[in-house]
Protein chains: 2
Amino acid sequence: MGQITLKDIAKALNLSPSTVSRAMQNHPAISPGTRRIVQEYAEEHKYKPNTLAMQLRTNRNNTIGVIVPEIVHYFFSTVLSGIQQEAENEGYNLLFCHSNEDYEREVRSVKTLLDARVCGILASQSKTTNHFQHFQEIIDNDVHLVFFDRICTGINTDKVVIDDYAGALHAVDHLIQTGCSRIAFLGSSPSMPIANNRRMGYEDALRRHKLPIDKRLSRICDTVELARAVVPEMLQLDPVPDAFFCINDEVAAYAMQIAKSAGFRVPEDISVCGFTNSYITDVTDPTLTTVDQHGFEMGQVAVRLLINRITGKETKQGVVSRLIKTELVVKNSTRSL
Amino acid sequence: MGQITLKDIAKALNLSPSTVSRAMQNHPAISPGTRRIVQEYAEEHKYKPNTLAMQLRTNRNNTIGVIVPEIVHYFFSTVLSGIQQEAENEGYNLLFCHSNEDYEREVRSVKTLLDARVCGILASQSKTTNHFQHFQEIIDNDVHLVFFDRICTGINTDKVVIDDYAGALHAVDHLIQTGCSRIAFLGSSPSMPIANNRRMGYEDALRRHKLPIDKRLSRICDTVELARAVVPEMLQLDPVPDAFFCINDEVAAYAMQIAKSAGFRVPEDISVCGFTNSYITDVTDPTLTTVDQHGFEMGQVAVRLLINRITGKETKQGVVSRLIKTELVVKNSTRSL
DNA sequence: CGGGCGTATGCATACGATTGCACAAATAAA
DNA sequence: TTTATTTGTGCAATCGTATGCATACGCCCG
C-alpha cells in the first residue's frame, strides 16, 4: 500500500523476490545487468527495506532503552544527550522512558522496554525505589543492563558512576584552603551511594586537615523545600558555619539566598559550593562554585559499555565499573586563595 | 532460544499454534479447559508475545518519534516530559532523537525515524534549518507529522504553539502598568515565528498605552554571548531603558546581572522580564519575573493531536493548530503595582 | 555429442503471530 | 436413526525479508 516491497519489485520486473533481495545486497551470484535493473527500479520507486521484517528474522532490533528518573534536570538531560549522540553514532535507536522518581512508573518502564525487546537498557534508579525485582527481570530475560549514576545496590551488573568521593574531597579541600573551618554538609539519605561517597570525601578532607567532624554540621537536605527549613536552623548554630557544601546546585543556590537575606555576605562570611555545574551556577549572585560531573561523558561511556556487552566485545565475566572524573569549577561563591 | 514462542507452547501441549493463539486472547471458540491449560503453561514459562512479529503483521509499531533541537534546556525537557507521559498513557513508545540545533543531524534524525517506520513524528525545528525537504519527505511517506513550538513555516502540517503574542502583550502591559515606559525588547531573528509574534505583542502593548515604538530598543539578542555585547550598548542609550523584556530567561538573567554591575538597581531603576519560567528564575537576585510557557501541557497536547491523526479520530482535512496559553509569573525583578 | 562445470535464477522455508475457512466431533432437533 | 446445529481445533496463508538448495541454461572440453 504505502510502501513498496521486495515482492512488488519482483512482480514488476518478473523476477523472484530472492533475486531482488540478492540484487539489492550486491550478492555476487547476481548478474550485473539484473542488479542494475533492480537497483534502478528500487531507487526510482523509493524502496525502503522493512526493518520490522528484518528484525523479526534476526530477532534483534538495534534499539536501546533508557530509563531516566527526571528529565527536567540539568544533569540527567546532559547524560541523555551524551547517550543519544553515542547511540546514534553506533547506529542504535533510543527508546526513551521517564520514571519521574516514581517506583511504579519505573516498573512499567522496564516492562515496556522488555516488551519492545530492546537489546539493552541504561537505567538510573528512582529515589523511591526499594524493590529490585524489575531490574532482576531484565537480567533474567538475557537483556543487558548498565546502571548510570544512581546505581541499584541490590543488583549485580555493570555500572558507570561519578567519582563522588574525589569530587567532594577536592571541593571541601578547596574550602579549607581558602580559609573555611566550620564546613556544613547538606547531603542526601546515606542509603544513596552517591550521597554516602560524598560524605566520606567531605569527612576525609576534614581529617586530612585535622579539623573536627561535627555531626551537627551534617544534615540531610537535598531539596529546595528542605533547604528552607534546614539552612535557617544551621545559621542559628554557635559558632555559625563558614561554608556550605551542598549535594546539588539548587540547594546551594537556596542556601546562598537564605544566608544572604539573613545578613551574611557570600563568600566573605560564608562560602557556598554546589554540585553539578548546571546553568543556575552562572546566574546566582555571586556565581556559584561547583563540581562539574561531566554528564555528557558519562552518557557516552555508559552507551559504549552497553554496546560492547551487546556485541560481545566486552568479555569480562564479572561486573564492569567505570568511574567518571569530576572537576572543581571555582566561581565567586567561595573565597579566592 | 531465550524466549518461548507460541509454537513452543503448541508443541509442548500437543495443540496447534492457532489454538494457543486464540486461547491466549480468550477467543470464545476455545473451550474453557484448553484455555486454562494454555494460559497456565504460558504463565509458568513466562511467555511474552513477540511484538516484532505482530508489528510485522499489522505494519504498525506503536511508536512515535520525537525530534528535539536541544535537550539540556528547561523548556524542551519539560515538553519532552509531557510528551513522554501522554504517550505512555496511550500505550505508545517514544523513539528519541536530538538534533542539537544542527541541520545535518535533524535530517539524519528524520531518516532514522522513517527507517524505523514510526507511526508519527513530533518535531521542533533546529535554529540552523533552512531547507525543509526532509520534513516534506515525512508527509510523502504518509507518516503523520506535528510540529511543536518551533514550527516550520515551509511545511503545511498540524502544529502546537505557544500563544507568544498574548504572552508578550501581557508581560509588556504589566511592565507599563508598573511604571516603565522605555521598554527594550531582546528578541530573536524575525524569521522565527515565535520571536516575531512576541515582537508584535510587545509593540501592540506599547501602542495600546500610546507609547512610542523606538527601533533602537528592539534588538536581536537570544544567547548569553549576544547579551554580553548588546546589553551594555543599550545601557548607553539616552535616555536609558527602564525595562528589558527578553526572549528567554537566560538572556534576562544575564541582562539583569549586567545592569546590576553597571550600577542600576533592579527593579527600581530597571525592570527585567524573562520568558519560560525555568529554574533559574528563582535563584537570581532578585528573582525573575517571567512568562510561563506551560511546556508540559504543550507536550501532552501535541501527542494527543498526533495520536488522533494516527487513529483517525481527528478528521479535519486542513491543518490543525493548537494554541497553548501562557501565564505571567510576577516575581521580584519587576516593580509591584 | 555428451558429460561436467559455472553462472544466474527460482523454490521453499523460516522468523512469530493472527485469522478465515474447513472440518471433525458432539449435541440437539426432527 | 437421520439431519441440522453447535462447538472446538487444525490447516494454510499472510506480513517482508533472507538464505540453503535445487535447477535451468549456456559453454567448454574431451
Side-chain angles (χ1 to χ4, degrees), chain A residues 1-39 41-43 45-63 114-119 141-143, chain B residues 1-39 41-43 45-63 114-119 141-143:
Chain A
M1 199 66 168
Q3 276 292 342
I4 188 176
T5 73
L6 278 190
K7 286 187 192 172
D8 297 331
I9 300 182
K11 211 168 292 174
L13 300 181
N14 242 331
L15 289 168
S16 76
S18 13
T19 304
V20 176
S21 168
R22 283 190 263 254
M24 290 305 293
Q25 9 176 357
N26 292 322
H27 194 286
I30 299 297
S31 73
T34 315
R35 178 179 316 168
R36 234 203 48 238
I37 293 174
V38 168
Q39 293 190 350
Y41 189 94
E43 170 79 13
H45 292 73
K46 292 181 185 297
Y47 166 73
K48 276 212 185 93
N50 187 326
T51 46
L52 271 61
M54 292 182 31
Q55 287 170 10
L56 175 59
R57 268 184 66 83
T58 59
N59 210 13
R60 289 203 59 256
N61 62 4
N62 247 50
T63 299
L114 288 181
D115 281 352
R117 281 179 145 74
V118 294
C119 312
N141 276 270
D142 292 323
V143 173
Chain B
M1 200 66 170
Q3 276 291 342
I4 188 176
T5 74
L6 276 191
K7 285 187 193 170
D8 297 331
I9 300 182
K11 210 167 293 174
L13 300 181
N14 241 331
L15 289 168
S16 76
S18 15
T19 304
V20 176
S21 168
R22 283 190 264 254
M24 289 305 293
Q25 17 179 349
N26 292 322
H27 194 287
I30 298 298
S31 73
T34 317
R35 177 179 315 167
R36 234 203 49 239
I37 292 174
V38 169
Q39 294 191 348
Y41 188 94
E43 169 81 12
H45 291 73
K46 294 183 185 296
Y47 165 73
K48 277 213 184 91
N50 186 327
T51 46
L52 271 60
M54 293 182 33
Q55 288 170 10
L56 175 59
R57 267 185 65 81
T58 59
N59 209 15
R60 289 201 58 256
N61 62 3
N62 250 49
T63 299
L114 288 181
D115 280 351
R117 282 183 145 71
V118 295
C119 311
N141 276 271
D142 293 323
V143 173

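Fair warning: this is a prediction, and the values are worked out from it, not measured in the lab. Each chain gets a letter, A, B and so on, in the order the sequences are listed, and its residues count up from 1.
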Nearest whole Å is fine: how far is [N] [atom2] from [X] [atom1]?
X	N	atom1	atom2	result
B/Asp115	D/dG16	CG	C1'	15 Å
B/Leu6	D/dG10	CG	C1'	15 Å
A/Ile37	C/dT9	CD1	C1'	13 Å
B/Lys48	C/dA17	NZ	C1'	17 Å
B/Met54	D/dG16	CE	C1'	17 Å
A/Asp8	D/dT17	CG	C1'	13 Å
B/Arg117	D/dT17	CZ	C1'	11 Å
B/Tyr47	C/dG16	OH	P	10 Å

(message) I want to check one thing: is the phosphate of D/dC15, taken as OP1 and OP2, less than 4.0 Å away from some side-chain N or O of A/Lys7?
(response) yes
With a 4.0 Å cut-off on heavy atoms, is [X] in touch with a base, just the backbone sugar-phosphate, or nothing at all?
X	value
B/Leu56	base
A/Thr34	sugar-phosphate
A/Leu15	sugar-phosphate

With rounding to the nearest 0.5 Å, note down the distance linking [atom1] in [X] to [atom2] in [Y].
X	Y	atom1	atom2	result
B/Gln3	A/Arg117	CD	CZ	4.5 Å
B/Met54	B/Asn62	CE	CG	8.5 Å
B/Asn26	B/Met24	CG	CE	8.5 Å
B/Thr5	B/Asp8	OG1	CG	3.5 Å
B/Lys48	A/Asp115	NZ	CG	6.0 Å

(message) With a 4.5 Å cut-off on side-chain heavy atoms, are B/Arg36 and B/Pro32 touching?
(response) no
(message) By nearest heavy atom, map A/Asn14 and B/Asn50 onto DNA chain C; which one lands nearer the 5' end?
(response) A/Asn14
(request) Going by the side chain to side chain contact (heavy atoms under 4.5 Å, CB included) test, name the single residue among B/Thr19, B/Leu6, B/Ile30, B/Leu15 that passes it with B/Val38. (result) B/Leu15
(message) Please give me the minimum heavy-atom distance between A/Pro17 and A/Ala10, naming the atom from each residue.
(response) N-CB, 3.6 Å
(request) Please report the shortest heavy-atom distance between A/Ala116 and A/Asn61, naming the atom on each side. (result) O-ND2, 3.0 Å
(request) Report the end-to-end axis angle of the helix from C/dC1-D/dG30 to C/dA30-D/dT1; each axis comes from five terminal pairs, and the value is rounded to 10°. (result) 70°
(message) What residues from residues 16-32 of chain A pass a heavy-atom cutoff of under 4.0 Å to DNA chain C?
(response) A/Ser16, A/Ser18, A/Thr19, A/Arg22, A/Ala29, A/Ile30, A/Ser31
